[in-house]
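To find a chain, count down the sequence lines: A is the first, B the second, and so on, and within it residues start at 1.
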4 protein chains.
Amino acid sequence: MNKITILIHCKDKPNIIASITNFIANKGGNIVYIDQYVDREQDIFFMRLESEFVSDTFSTLDFKTDFKSELAETFKMKWRIYSSEKKPKMALFISKYDHCLYDLLGRYNSGELNLEIPFIISNHNDLEHIAKNFNIPFYHIPVTKETKKEAEDKQLELLLEHKIDFIVLARYMQIVSDKLINQYQNKIINIHHSFLPAFIGAKPYHSAYKRGVKIIGATSHYVTEELDAGPIIEQDVTRVSHTHAISDLIAKGRDLEKVVLANAVKLHANRKVMVYNNKTVIFT
Amino acid sequence: MNKITILIHCKDKPNIIASITNFIANKGGNIVYIDQYVDREQDIFFMRLESEFVSDTFSTLDFKTDFKSELAETFKMKWRIYSSEKKPKMALFISKYDHCLYDLLGRYNSGELNLEIPFIISNHNDLEHIAKNFNIPFYHIPVTKETKKEAEDKQLELLLEHKIDFIVLARYMQIVSDKLINQYQNKIINIHHSFLPAFIGAKPYHSAYKRGVKIIGATSHYVTEELDAGPIIEQDVTRVSHTHAISDLIAKGRDLEKVVLANAVKLHANRKVMVYNNKTVIFT
Amino acid sequence: MNKITILIHCKDKPNIIASITNFIANKGGNIVYIDQYVDREQDIFFMRLESEFVSDTFSTLDFKTDFKSELAETFKMKWRIYSSEKKPKMALFISKYDHCLYDLLGRYNSGELNLEIPFIISNHNDLEHIAKNFNIPFYHIPVTKETKKEAEDKQLELLLEHKIDFIVLARYMQIVSDKLINQYQNKIINIHHSFLPAFIGAKPYHSAYKRGVKIIGATSHYVTEELDAGPIIEQDVTRVSHTHAISDLIAKGRDLEKVVLANAVKLHANRKVMVYNNKTVIFT
Amino acid sequence: MNKITILIHCKDKPNIIASITNFIANKGGNIVYIDQYVDREQDIFFMRLESEFVSDTFSTLDFKTDFKSELAETFKMKWRIYSSEKKPKMALFISKYDHCLYDLLGRYNSGELNLEIPFIISNHNDLEHIAKNFNIPFYHIPVTKETKKEAEDKQLELLLEHKIDFIVLARYMQIVSDKLINQYQNKIINIHHSFLPAFIGAKPYHSAYKRGVKIIGATSHYVTEELDAGPIIEQDVTRVSHTHAISDLIAKGRDLEKVVLANAVKLHANRKVMVYNNKTVIFT
């Protein structure tokens, strides 16, 4: 049995839903999940649909071809179709903080994540032993001002060689270049240790402490050229008080970062996120 | 323009979604909202759908007739169809606590609630002045052990006379009889001041205090014959500590009760709740 | 029996706590609540203490005089001493939104707030009927660009005449002048409808919608000369998604605003808030 | 410099606080933290106090002796005094679930926990490799109905030999015997995967699913003879919906369990928890 997931967005028009469900039915598919959303302000239609096909002769490639000519062109859709046969491949970028790394690898090991991790890249080798414990190839690619371009070329080479689908910056402490961002648009997930848009940039826990906020947060977003301004995938918060020193905020924040990043990774890997106008539509 | 909302559940079968969307398209409807859920354990299909009809000749009654014969019988559906022309009518039952009453009437006045409140019933007259301030008819129907049956007959008479669609017990301090429950199945909404199923019955804040919990909650549910055991619509919680006396729990709880009950009322009035197996499916 | 509440802050020094508790014991007081906090970065000591005095001859005035000469001067304390005999007087400033007003007056009526509300001031008369229902004097003081100074003089006159202790801006849609701020330093409480420091200024729900945040918030803070930048007293948040239109954010936000403002008012009225370095220390 | 932490509870009486602070001052101590709470219902006084002593001749033993004769006996206090020189020793009991184990060891490694872990005991050897990676001795002590008594004797022997202060059951899937509970009263911390008192006993996620709750929780508590009924240290919750299968509840619950257990461990290790009447007083 084949199962495919379809993500669509286009200008809203009458009869889109019936046209799509008819198309699926005609192809012999049984829809097992359908969700849709219309942005009334912008008049944009979004849909996520999962369909099962039992026929021996079903071909995802043929399905895509027909979908394109029979539906997508008529409605001027932007669309993506995924087969459940293929798990997405995720590259992990890390530096020196280990909490998100341990958390993601723990979930990976327990089977919670529907993805593959072909390798880990780090600009430091402090955490190589963790990669080893979990039996995941580890590439140490140092980055200095002088070697930054060269380092990125090495990264890109590895990413392409392994056919990586998306990248997760698990507290990777380097600005990612436009070249990588363009190659992986809405496919690089970062975890920022504040409740964005509050406290953009470096040392957000210090800023939160100084401002005297009563709640701190963490935000997972897609990386765009503007720092910490990409589409937000997931956020969470926790309560703090005047008794918490900066080190307490950092410790409490670690727990947020882990869960928020893991949730964002799961949403992305399960093809539940659509991006438009620098915002996300999330089908759950 | 007519807008109708359809709620369906039935045994899951192939092609249900395509059949329904085709039916709507053939009737000249444009689907503006569709959401669906399948309980894989029980193999039950649920759907909520909103469709707009622009034709002058559209009749909700005809639509229902055809829906029944062409779809519902084939798939053995349980179904409800609502026209947006008619706002649901809600009766408020209260006793002596005013916080949920003020909250609901404040929202009603500000236009937040998509419903009508033809009257308020109370077994006490302490809060009559509030009903007056908001210009809502108030019926004082005292309830004693001796007069309980008679009081309920009066209540039922008022409910039927005003064609009430659903009842909200806004801290109404009387057990509702089976007669009323049967007449209004899954249409009587209660607010219980605990995080059910913890602390069923009377004085839940006292029990929470005694047990030393660190979080208290409130639960809104449909009333069934078993006390505090009906399908849960909405819950929320708040953090407490050893420093909180019972009176503090009660005060903090009031804020929960208001928001939880209001959310449940909105979900029900917007036809977003389906009930089965003593649980709710909530389409948001 | 007299009960007094003491709030102190000063440079941290050895033996402060023993000196204070000794002073109280010598005066015949029994300490029923003591809490303290030291900001290790700034080396500042904070204390909140409640003490009961049973003697017939106890005088709060004498106590203050002795406290000043025997303790406060030695340790160079900033201090405030309140007698429980006197409830604080709060003035409510409102405009056209009624949700915070209804909420605060509902709590006031139910005895939840330990304060008096001598009057309500509004720059519009839309909500006068609510003041009437709750039997609270209402002053309509319109504010235009031309009459702003004059209007503020009228406000100040009323505030002084009624010996108002603190002011609550319950969605009052006017910038308060420096004159009022200076007269009531750390005594004007505002509710801002965002999770500060995100979305400072006008239309924060619109900005939150545009940024695509997954959580919205509300913040209660003391008013300072810099807009929305004063010491934060209380914050709370709630989850939103792409399905929420701006009107939904506004409706969900109203529930946050009510609870956050009410909590801030209670903390202030119970003398549980201390301010320093534009931050709050909150003893709970 | 010596730093000691004192925990006291006794019948409330006038002048307790002044007596204690005087005693500390006379011994040359400087109080750096004081917090107190009175249960007005039961009339019980609780205090937590930290004091620094700079004298070369200060002896914790002498201090305890004098504290006992000069203060504790007068006020009939129950008391504990800890020196900061000695980190508490924690034994970890595990079975087959690794998420709490990874989480605690990650925090231990990063220096977040103020304690020592001399060894891990498990009734299975599935997770031995994790203990090895973190260089912590691992004892495999299988437990069957026949060997239960013998196994517990081995456990107790190890606990006494290593002078273990408290035990953490990190999803240890065995009932602990009364013998161990009596030896370690209010010193065995369990994590239960529900929002207690709801869903006591086995398979709480299954029960939560069946009841259709909208929020699930986790609870960390001290182990007493009655199952899942001991004093609650910490709880947390997360929102769920009808779309979550039992496996989703389990996955979301794991994140709760990790954070709730870690918080309880930190509170206990930092001597911030006092127990009475099967409830906890937590000084933060």
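- For Lys187(D), the NZ atom is loosely surrounded, since the number of other residues' heavy atoms within 6.0 Å does not exceed 12.
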*Asn22(C) vs Asn22(D), side-chain hydrogen bond (donor to acceptor under 3.5 Å, both in side chains): CA-CA, chis, key distance, verdict*: CA-CA 7 Å; Asn22(C) 264 331; Asn22(D) 264 332; 2.7 Å; yes

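- Residue with the most contacts toward chain D among Arg40(C), Arg239(C), Lys13(C), Glu52(C): Arg40(C) (heavy-atom pairs, distance under 4.5 Å).
- Put simply, the side chain of Gln36(C) gets close to the backbone of Val32(D): a donor and an acceptor are under 3.5 Å apart.
- Counting heavy-atom pairs under 4.5 Å between each of Pro14(C), Ser19(C), Ala25(C) and chain D puts Pro14(C) at the top.
- Other residues, nucleotides and ligands contribute more than 12 heavy atoms inside 6.0 Å of the CG atom of Asp43(C).
- Most heavy-atom pairs under 4.5 Å with chain D, from the set Ile20(C), Ile17(C), Ile16(C): that is Ile17(C).
- Interface remark: Arg48(D) contributes no atoms to any contact with chain C (heavy atom separation under 4.5 Å).
- Between the side chain of Asp35(C) and the main chain of Asp35(D), no donor-acceptor pair closer than 3.5 Å is present.
- The 12-atom threshold is not exceeded at OH of Tyr97(C), counting heavy atoms of other residues, nucleotides or ligands nearer than 6.0 Å.
- Remark: Asn30(D) CG to Asn15(C) CG distance equals 6.0 Å, nearest 0.5 Å.
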